[in-house]
Amino acid sequence: MGAADDLKFMSLALAEARKAAAHDDIPVGAVLVRDGQVIATGKNERELLRLPTAHAEVQALNAGAQSHGHWNLSGCTLYVTLEPCVMCAGALVLSRIEELVYAATDPKGGALSLEIPILHHPQLNHAVRLRQGPLAEESGALLREFFQEKRRQKNTSGTKSGNRTS
């Protein structure tokens with residue numbers, strides 16, 4: 001796929017990220033593509049579903065497996081707005097994703113930035129091709145704005161927004 005396809009699919013992932021922010025989840029979105037067609041999308045839904053593993057990548061992989069009819073997603077490319085964490089990188093390997101295209105880097109939590117070579121570890125039975133794609137600045141800006149708003153809300157209210165008491 002070329003630069004135009006990368007831009008198209010990453011734009012769709014960015015739209016998913018905005019949907020995550022709309023329900024107060026960290027704005028990360030993912031789009032799973034096979035043979036030039038979107039087969040699944042995902043967005044962060046940890047807050048919405050109250051599940052620690054409901055990251056955008058995992059949501060897209062699960063939806064893709066359902067749509068494809070099998071857990072093995074060989075031949076698929078995953079577009080994601082933020083570099084995957086260690087958990088998501090492992091899920092990409094286990095689902096046999098062919099290629100990962102990510103936008104923004106995650107210096108504090110990304111498997112690549114932390115130099116944890118899960119995506120291409122020589123002892124694992126699968127390696128994922130990877131590259132940084134388009135819309136890194138837009139994806140990063142969306143994340144920065146989200147966290148700035150969270151800090152503003154915390155400073156205004158004195159508590160983290162969304163905290164609940166039993």
**Report entry** Val80 with Leu73, same ILVMFWY side-chain cluster at under 4.5 Å
**Finding:** yes
Query raised in the report: Do Leu78 and Leu14 share a hydrophobic cluster, counting only Ile, Leu, Val, Met, Phe, Trp and Tyr and linking them when any side-chain heavy atoms are less than 4.5 Å apart?
Result: no
Cut-off 3.5 Å, no hydrogens considered: what does the side-chain donor-acceptor table look like for residues 133-145, sequence neighbours left out?
residue: Glu137; atom: OE2; partner: Arg144; partner atom: NH2; Å: 2.7
residue: Ser139; atom: OG; partner: Leu135; partner atom: O; Å: 2.9
residue: Arg144; atom: NH1; partner: Gly140; partner atom: O; Å: 3.4

Query raised in the report: Is there a donor-acceptor contact under 3.5 Å from the side chain of Asn44 to the main chain of Ala56?
Result: yes
Query raised in the report: When rounded to the nearest 0.5 angstrom, what distance separates CG in Leu92 from CE in Met87?
Result: 10.0 Å
Query raised in the report: Which ring pair (Phe, Tyr, Trp, His ring centres under 6.0 Å) pairs, counting each pair once, include a residue from residues 11-55, with sequence neighbours left out?
Result: none
Query raised in the report: salt bridge (charged side-chain N to carboxylate O under 4.0 Å, His left out): which pairs involve residues 104-125, sequence neighbours left out?
Result: none
Query - side-chain hydrogen bond (donor to acceptor under 3.5 Å, both in side chains) partners of Thr105, counting only residues at least two apart - result: none
Query raised in the report: Does Ile116 belong to the same Ile/Leu/Val/Met/Phe/Trp/Tyr cluster as Val93, with side-chain heavy atoms less than 4.5 Å apart forming each link?
Result: yes
Query raised in the report: So, the side chain of Asp35 versus the backbone of Gln37: is there a donor-acceptor pair under 3.5 Å, distance only?
Result: no
Report summary line: Rounded to the nearest 0.5 angstrom, the OG-CG distance for Ser95 and Leu32 is 8.0 Å
Query raised in the report: Does any N or O in the side chain of Arg34 come within less than 3.5 Å of the main-chain N or O of Ser74, such that one atom is a donor and the other an acceptor?
Result: yes
Query - All side chain to side chain contact (heavy atoms under 4.5 Å, CB included) counterparts of Ala13, not counting sequence neighbours - result: Met10, Val31, Thr81
Report task. Could you tell me the separation between the NE2 atom of His120 and the CG atom of Leu100, rounded to the nearest 0.5 Å? Result -> 10.5 Å
Query raised in the report: How far apart are the closest heavy atoms of Pro84 and Ala89, and which atoms are they?
Result: CB-N, 4.1 Å
**Report entry** Shortest non-hydrogen contact from Ala103 toward Gln132
**Finding:** O-NE2, 2.5 Å
Report summary line: For residues 59-94, the ring pair (Phe, Tyr, Trp, His ring centres under 6.0 Å) pairs (sequence neighbours left out) are Phe9-Tyr79
Report task. Starting at CD of Gln59, measure out to CG of Leu49 and round the result to the nearest 0.5 Å. Result -> 6.0 Å
Report task. Before giving the answer on side-chain contact (heavy atoms from CB on, under 4.5 Å), spell out for Thr41 and Leu12 the whole-Å C-alpha distance, their side-chain angles and the decisive distance to 0.1 Å. Result -> CA-CA 9 Å; Thr41 62; Leu12 293 172; 5.9 Å; no
Query raised in the report: Any link between Ile97 and Val86 through a network of hydrophobic side chains (Ile, Leu, Val, Met, Phe, Trp, Tyr) touching at under 4.5 Å?
Result: yes
Requested in this report: Could you grab the distance from atom CG of Leu130 to atom OG1 of Thr77, nearest 0.5 Å is fine?
Outcome: 11.5 Å
Report summary line: Across all chains, not counting sequence neighbours, the ring pair (Phe, Tyr, Trp, His ring centres under 6.0 Å) partners of Tyr102 are none
Requested in this report: Report the C-alpha distance between Ile26 and Glu47 in whole Å, list the side-chain angles of each, state the deciding distance to 0.1 Å, and finish with yes or no for side-chain contact (heavy atoms from CB on, under 4.5 Å).
Outcome: CA-CA 9 Å; Ile26 296 171; Glu47 299 296 331; over 6 Å; no
Query - Where at least one partner belongs to residues 121-147, residue pairs that pass ring pair (Phe, Tyr, Trp, His ring centres under 6.0 Å), sequence neighbours excluded - result: none
Report summary line: Taken to the nearest 0.5 Å, the spacing of Leu61 CG from Leu94 CG works out to 10.0 Å
Query raised in the report: When clusters are formed by joining ILVMFWY residues with side-chain heavy atoms under 4.5 Å apart, either directly or through shared neighbours, do Val101 and Ile118 land in the same one?
Result: no
Query raised in the report: What residues form a salt bridge (charged side-chain N to carboxylate O under 4.0 Å, His left out) with Glu16, not counting sequence neighbours?
Result: Lys19, Lys43
Query - Closest approach of Pro107 to Leu114 (non-hydrogen atoms, all atoms of both residues) - result: O-CD2, 3.7 Å
Query - salt bridge (charged side-chain N to carboxylate O under 4.0 Å, His left out) contacts in which one or both residues fall within residues 121-132, not counting sequence neighbours - result: Asp6-Arg131, Glu98-Arg129, Glu99-Arg129, Glu99-Arg131
Query raised in the report: Between the main-chain N or O of Gly36 and the side-chain N or O of Asp5, is there a donor-acceptor pair closer than 3.5 Å?
Result: no
Requested in this report: Could you tell me which residues satisfy salt bridge (charged side-chain N to carboxylate O under 4.0 Å, His left out) with Arg152, sequence neighbours excluded, listed by chain and number?
Outcome: Glu149
**Report entry** For Ser113, all residues meeting side-chain hydrogen bond (donor to acceptor under 3.5 Å, both in side chains), sequence neighbours excluded
**Finding:** Glu83
